[in-house]
Amino acid sequence: MNQKFFVANWKSNKTTTETIQWFESISNFIHSTSSGQEFQISNSTIIICPSFSLLSELKLLIAHYHLPFLLGTQDISPFGEGAYTGEVNSKHIKEFAEYVIVGHSERRKHFGEDEEMVYKKIEQALKNSLTPILCVSDIHQLDHYSLDASKIIIAYEPIFAIGSGNPDTPENANNVACQLKEKAMKASVLYGGSVNSQNVQSFLNTSDIDGVLVGSASLNPHEFATILSYA
Ligand code: PGA
């Protein structure tokens, strides 16, 4: 299997206490499976995207439990440093994380983010060598960007599938991934939308899907560890 990405999007969930519990549990699952053998997470990139306020705690917990996890954020300021009250910019993020989700449909819906805003966020991410994970809900959304596709990851997330328990079919998701790759040469393409431990393999077994972006199923450590068992 080629290198696969497993991205956990925690959205606006988890307190510090809940985060500590999640790490205790997932560490147990990963370091001591029932057979007594460690999980083989070979050739996969696992990225956890918590709220900004949890980044520092996650960095410590990942080191403490020796987990092969990288960090990402769920958003980024469209501006650099300066007088932008409330914003978290790419320099702040770079202290903790290597990836940033941009253009998630929940940000487009609840915060009115348009393509221009998303584009600015991508530019800011790239300025500080963060890898943007650009979420699109259809192939045409990519037409708005002229990007160096080798520096970004694209996540195909059909809106009907997000948080609904009703994922796209692996066949259709693979077809879209294939078309996205034709438009954005070299970019890795992930699928997101109601991915869980039951269906993850069907997406990973396709020819053009390079990984998964997991929302609600990543909140439960047992469920997420089971998803990672396909890494
Ligand atoms: P879901 O969310 O897995 O809960 O559907 C995915 C996402 O919004 O990234």
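Every number for a ligand or one of its atoms is a count from 1 in the order of the listing.
- Clustering ILVMFWY residues whenever any of their side-chain heavy atoms sit less than 4.5 angstrom apart, transitively, puts W10 in the very cluster that holds I62.
- Although no hydrogens or angles enter the test, the distance criterion places a donor-acceptor pair under 3.5 Å between the side chain of Q74 and the main chain of K11.
- Using a 3.5 Å distance cut-off with no hydrogens or angles, the side chains of N9 and S218 do not pair a donor with an acceptor.
- Judged by distance alone, the side chains of H104 and E157 do bring a donor and an acceptor atom under 3.5 Å apart.
- With rounding to the nearest 0.5 Å, the separation of CG in N175 from OG in S207 is 9.5 Å.
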Where does ligand 1 get N/O contacts under 3.5 Å from the protein, atom by atom?
{"from": "ligand 1", "atom 1": "2 (O)", "to": "K11", "atom 2": "NZ", "distance (Å)": "3.2"}
{"from": "ligand 1", "atom 1": "3 (O)", "to": "G215", "atom 2": "N", "distance (Å)": "2.9"}
{"from": "ligand 1", "atom 1": "4 (O)", "to": "S216", "atom 2": "N", "distance (Å)": "2.9"}
{"from": "ligand 1", "atom 1": "4 (O)", "to": "S216", "atom 2": "OG", "distance (Å)": "3.0"}
{"from": "ligand 1", "atom 1": "5 (O)", "to": "G163", "atom 2": "N", "distance (Å)": "2.7"}
{"from": "ligand 1", "atom 1": "5 (O)", "to": "S194", "atom 2": "N", "distance (Å)": "2.8"}
{"from": "ligand 1", "atom 1": "8 (O)", "to": "K11", "atom 2": "NZ", "distance (Å)": "2.7"}
{"from": "ligand 1", "atom 1": "8 (O)", "to": "H104", "atom 2": "NE2", "distance (Å)": "2.7"}
{"from": "ligand 1", "atom 1": "9 (O)", "to": "H104", "atom 2": "NE2", "distance (Å)": "3.2"}
{"from": "ligand 1", "atom 1": "9 (O)", "to": "E157", "atom 2": "OE1", "distance (Å)": "3.3"}
{"from": "ligand 1", "atom 1": "9 (O)", "to": "E157", "atom 2": "OE2", "distance (Å)": "2.8"}

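- Between the N28 side chain and the S25 main chain, no donor and acceptor come within less than 3.5 Å of each other.
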